[in-house]
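Both ligands and their constituent atoms are indexed starting at 1 by order of listing.
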Amino acid sequence: MKPIKLGIIGCGIAAKDLHWPALKDLKDQFEIVVVCNHTEAKAQEFARMVGNVPYVLDYREVLAMPEVEAVDIILPIELNRQVVMEAAKAGKHIMVEKPLAANLVDAEYLVELEKGYIPVTMVAENFRFRSIFYQIKSAIATGKIGQPYTVFWNNFNCIDESNPYAKTQWRIHHQYPGGFVTDGGIHNIAALRDIFGDLTGIGSFTKSINSGIGQLDSFSFQFSTSHQVSGVLNLFFSANSYAEDRLIILGTEGCIIVENNTMTLKRNDRIEIIEKFDNDQGYTEEFIQFYQAIRSGQPVKSSFLEAYHDLKVIIDALSSATK
Ligand code: NAP
């Protein structure tokens, strides 16, 4: 089958550091035919990086190119609604970075647009494609820890103004609730929903420790899930001198601990399984699914609808949070 002719809209950090490394290994599946950034230097640099392809400064030019079959939209979040809407009018297959939109009204609009739209629509929520979460689901489904009943996910790190993501103007002056908590935490919500079913918030609190990286940087969220699991997600992006990314799942017959790309499964105080993972973040897998959906009609697991539910969980939790 022929590679899909792809236009990339947005040539920033995620395009260069996350999408391009995946796409360059998928030359049989994707041919980048044009890239777009509204500031020329970035468009030019990225065009050179991906093989001296043509570049444009206005995304509407990408959408007007009949040879472009699919677009990969990697823009500031608040632009997603407009650009996705225009890409749909142009009849393109659409991959758009997470979160789906800057607010629930825009997200609902895009979910409506997805209904009945024939080309493929997909949100680049890479956590839905990380092998570590497939492994956890498989261990739970095969009864390795009995019935899971509680999950704790601690993500503590320190992002300051020197962090490249924190330097982007659209994050500093973010037009979506939550700042880093939403931009980063949506990944955790997507993974939790994927493993444990839909999340209902029970309580949450938020804090702003360093307003230099946005409106909020600290969030603790207590929830229950449709699979009868209760849990706590702690996201702290200004944790001075402390770093941890640890997921703990307690089941009636054992537990799973995920830390440092390693999954440990224990029963009766004995380690039964240790699995090490590459630092696989799921980007390659998500593009493979995009390709298969376009060329073979396979369903996508990261639809606009799923991404809407991810966003709703986090926005509802933020709006009811204690400060
Ligand atoms: P970024 O570095 O600011 O990239 C966005 C790019 O879009 C910038 O180069 C910006 O150019 C350009 N741009 C802005 N408005 C434009 C317009 N109207 N037309 C054309 N180009 C325009 O931000 P990022 O960190 O790459 O994030 C982009 C998206 O990726 C966000 O949705 C973010 O949440 C997502 N992301 C996902 C992951 C993940 O792990 N899945 C990680 C990081 C980011 P200027 O800078 O010149 O304005």
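- Shortest contact from atom 30 (O) of ligand 1 to any protein heavy atom: Glu97 CG, 3.3 Å.
- With respect to atom 41 (N) of ligand 1, the closest heavy atom belonging to the protein is Asn126 OD1, 2.9 Å.
- In this structure Glu244 satisfies the side chain to side chain donor-acceptor pair (under 3.5 Å) test together with Asn154, Tyr242, sequence neighbours excluded.
- Using a 4.0 Å cut-off between heavy atoms, Leu18 contacts ligand 1 through its side chain alone, with no backbone atom that close.
- Ligand 1 lies nowhere less than 4.0 angstrom from a heavy atom belonging to Lys16.
- One option in Asn37, Val62, Thr168 has a heavy atom closer to atom 10 (C) of ligand 1 than any other, and that option is Asn37.
- Within the structure, the closest approach of Gln281 to ligand 1 does not fall below 4.0 Å when heavy atoms are considered.
- Protein heavy atom closest to atom 23 (O) of ligand 1, with residue, atom name and distance, is Trp170 NE1, 3.3 Å.
- With respect to atom 29 (C) of ligand 1, the closest heavy atom belonging to the protein is Leu75 O, 3.4 Å.
- Closest to atom 19 (N) of ligand 1, if we only count protein heavy atoms, is His38 CB, 3.7 Å.
- Remark: minimum distance from atom 46 (O) of ligand 1 to any protein heavy atom is reached at Lys42 NZ, 2.7 Å.
- Residues Phe133 and Phe127 place their aromatic rings such that the two centres sit under 6.0 Å apart.
- Looking from atom 18 (N) of ligand 1 to the surrounding protein, the closest heavy atom is Leu79 CD1, 3.8 Å.
- A donor-acceptor contact closer than 3.5 angstrom links the side chains of Thr262 and Lys276.
- In terms of protein heavy-atom proximity, atom 47 (O) of ligand 1 is nearest to Thr39 OG1, 2.5 Å.
- The stretch residues 281-300 participates, sequence neighbours left out, in these salt bridge (charged side-chain N to carboxylate O under 4.0 Å, His left out) pairs: Glu69-Arg295.
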